[in-house]
Amino acid sequence: MDPVVGPSLERSRSRRADDGFRYLTFTAGLLVLLILGLIAYATTREALPAFRAEGLGFLTSRRWAPNEGSFGALAFVFGTMYVSLIALVFAVPASIGIALFISELAGRRVRRVATFVIDLLAAVPSVVFGLWGVAVLASAAPGFYEAIGEPLAALPGVGRAFGQPYNGKSFVSAGLILALMITPIITSITREVFETTPPGQREAALALGATRWEMIRGTVFPHSRSGVMGAVLLGLGRAMGETIAAALVIGSGTQITAKLFASGDAMAARVANEFGEATGNWRAALVGLGVVLFAMTILVNLAAEAIVSRAERVDP
Amino acid sequence: MSALYVHHMTRTRTITRLVGLSLVLALVAGACGGSGGSDADGGNTGAGGPKLAATTLNGAGSTFAKAFFEASIEGFKKGQPDVTVNYGGGGSGKGRTDLQGGLVDFAGTDGLVKDEDKPKYKGEFIYVPTVAAPITVAYNLSGVKDMTLDGDTLAKIFQREIKSWDDAAIKALNPGASLPARPIVVAHRSDGSGTTEQFTKYLVKAAPSWKLKSGSTVEWPGDTQAGNGNAGVAAIIKAQDGAVGYVDLADANTQQLSKAKLKNKSGKAVEPTLEATTKALEAVTLKDDLTYDSLDSANADAYPIASPTWVMVYKMQSDKAKGEAVKAFLGYMLGAGQAQAEENDYAPLPAAFIAKAKAAVDAIVLPA
């Protein structure tokens with residue numbers, strides 16, 4: 001009897017444990033969705049008075065005058081996108097460069113130190129970057145901006161993004177600070193993606209007489225393209241949601257302009273700046289900015305998720 | 001591949017660090033508070049009265065009055081070491097919302113509650129005026145240490161209709177001065193603020209050409225610059241030759257900025273001083289609910305932008321110990337606290353205001 005009963009008992013017990021574990025983790029997973037759902041519900045409900053009062057104008061109007069009950073978020077949606085774009089323009093090439101150096105060129109010891117420093121940089125609270133931005137960058141920048149901006153303003157087309165005014169607190173200042181903040185994240189993911197390139201492929205490329213650059217171009221880049229895209233989108237998500245650093249250096253201007261050195265404002269920054277004094281529809285409109293930003297970051301994160309998971313499927 | 005994992009890990013690490021940092025700060029703050037209370041010398045510091053039961057009062061709101069609250073809390077604590085008073089700032093609007101929600105025991109506010117918001121409160125509340133302060137028009141213009149402006153010119157400057165310091169309107173107000181043809185840089189608050197509200201209310205009252213109306217934030221022209229808090233605006237002015245902005249007296253003095261004289265209602269150019277602010281209050285009528293409007297005062301020696309500030313509390317207190325502490329704390333602010341006002345760049349209230357305010361505090365009802 002014993003030899004027959006034993007294993008079956010064992011099997012049923014282990015199955016029970018498995019089931020229990022499955023339910024536990026399933027609930028945990030569900031909880032995340034539930035919390036997200038509740039946040040979306042609660043914020044949307046709070047924002048409803050503003051959405052009702054403004055209708056579609058909340059997204060299409062660029063006039064934000066709380067003291068006159070006018071709430072159009074377009075200038076801030078633009079500001080958020082513009083600043084994030086500037087941040088990516090600076091951060092992506094830098095991150096890919098650092099990641100390539102660490103994964104392909106650096107020696108073992110340098111690699112360890114560099115990885116450590118990058119991770120350390122990712123852990124610096126954003127307010128520290130913001131304070132540096134407002135205390136150092138914003139006060140030193142105008143002269144520097146003017147020196148760069150004046151000659152470039154004469155160019156046809158892109159010249160429109162340069163030229164007067166040259167404010168220390170501007171789209172570019174915020175973009176630079178955000179670039180500093182997202183570089184560690186993009187670097188650290190990109191480096192991991194680069195390192196998943198199968199050694200066989202690299203060796204094959206080198207064996208065919210490729211230089212190191214040709215090897216990187218021929219094997220590492222094609223292999224990691226979608227992984228790097230995912231990293232960039234994650235960085236973009238963080239740049240869009242960053243609040244304090246942006247609030248301190250963006251200049252809080254309500255305007256839509258291509259001028260890089262002009263003051264603008266981002267959605268999260270506007271919420272942080274005005275929430276303390278806001279009541280009634282104004283408060284609702286600020287929560288509404290949060291809802292719109294929430295939706296935008298979800299889209300970006302979904303895109304990142306999709307791209308990263310495609311990268312994983314391609315992995316051998 | 002664990003891209004998402006890495007992302008989350010760095011986040012968690014940041015959070016852990018932040019928690020650690022705030023713990024350290026809390027400990028340091030606790031240590032400082034402790035040493036402040038240890039040199040208490042009984043009842044003769046003005047916090048007076050019988051020793052109150054241990055309790056904690058929480059307040060939030062006006063950042064404009066925060067320095068006065070902090071000085072009062074420190075002084076009050078010496079007489080009543082068992083009562084802990086916290087004041088969180090956060091803005092007048094936040095103070096009022098927190099009082100509605102019952103999150104705080106008192107609110108500091110520079111503005112008044114709108115009629116439609118009154119039902120949101122948990123009962124009848126009272127305003128207790130505490131101090132007043134001038135809002136200065138501070139500027140940075142090398143070579144010009146003395147300048148007079150009036151409401152209308154100020155409005156045109158902040159609306160970007162006057163863009164150069166040698167504009168005819170400014171010249172007319174300063175006949176002797178040699179004004180340079182330097183562009184004007186306008187600085188204002190990036191955060192919603194009672195200071196902005198009082199400044200724009202003054203412009204609504206005193207300047208026919210002002211079009212942006214009033215509010216704790218208004219639709220500033222795009223080619224202006226914004227700073228966070230009074231300190232942020234003062235920093236912008238300090239940094240740029242040609243800049244002008246509105247800041248409280250404390251920050252204007254800290255940054256050693258030049259302050260413009262403003263022409264008051266009677267046409268006299270008055271410097272932003274505490275005396276001229278108290279003068280502004282002397283000419284206004286205190287309403288029954290202790291609210292008043294001291295902007296563009298009729299007093300001949302008044303500085304025209306004298307900003308009021310109030311403490312808001314519920315008339316019916318629900319907790320006896322807290323209620324007693326609230327009365328004692330307000331009593332301190334209206335008594336010995338007034339002497340601390342000037343060293344913190346606030347103007348004390350005129351005697352008539354104090355008498356009425358004290359009567360209002362006495363009328364606060366405690367539960368049996």
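The sequence lines fix the lettering, A, B, ..., with proteins before strands; numbering per chain opens at 1.
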Using heavy-atom distances under 4.5 Å, tell me whether B/Thr63 contacts chain A through its side chain, its backbone, both, or neither. neither
With a 4.5 angstrom heavy-atom cut-off, which part of B/Ser193 approaches chain A: side chain, backbone, both or neither? backbone
B/Glu116 atom CD, neighbour heavy-atom count above 12 within 6.0 Å: yes
Over all heavy atoms of both residues, which pair between A/Glu277 and B/Ser216 is shortest? Give the atoms and the distance, please. CB-OG, 3.6 Å
Are B/Thr97 and A/Arg283 packed together at the side-chain level, in the sense that at least one heavy-atom pair is separated by less than 4.5 angstrom? yes
Is it the case that the side chain of A/Asn67 and the backbone of B/Ser214 share a donor-acceptor pair, with hydrogens and angles ignored and the cut-off at 3.5 Å? yes
With a 4.5 angstrom heavy-atom cut-off, could you sort out which part of B/Thr224 is near chain A: side chain, backbone, both or neither? backbone
Would you find more than 12 non-hydrogen atoms of other residues, nucleotides or ligands less than 6.0 Å from A/Arg160 atom CZ? no
Which pair of non-hydrogen atoms, one from B/Ala226 and one from A/Gly251, has the smallest distance, and what is that distance? CB-O, 3.2 Å
If you count heavy-atom pairs under 4.5 Å between each of B/Gly215, B/Gly91, B/Gly89, B/Ser190 and chain A, which one has the most? B/Ser190
Under 4.5 Å from any heavy atom of chain B - which part of A/Thr279: side chain
Heavy atoms only, distances under 4.5 angstrom: which of B/Gln240, B/Lys94, B/Lys213 has the most pairs with chain A? Name it, please. B/Lys213
What are the two closest heavy atoms between A/Asn273 and B/Asn228, and how far apart are they? OD1-ND2, 2.9 Å
Lys/Arg-Asp/Glu bridge criterion (N-O < 4.0 Å) met for B/Glu219, A/Arg63: yes
Test item: A/Trp282 and B/Thr217 side chains (from C-beta on) under 4.5 Å apart, heavy atoms: yes
Could you tell me which of B/Ala239, B/Ser92, B/Gly194 has the largest number of non-hydrogen atom pairs under 4.5 Å with chain A? B/Ser92
Closest non-hydrogen atoms of A/Glu68 and B/Leu212, given as atom of the first, atom of the second and distance, are OE2-O, 3.8 Å
Gap separating the CD atom of A/Gln164 from the CG atom of B/Asp223, nearest 0.5 angstrom: 10.5 Å
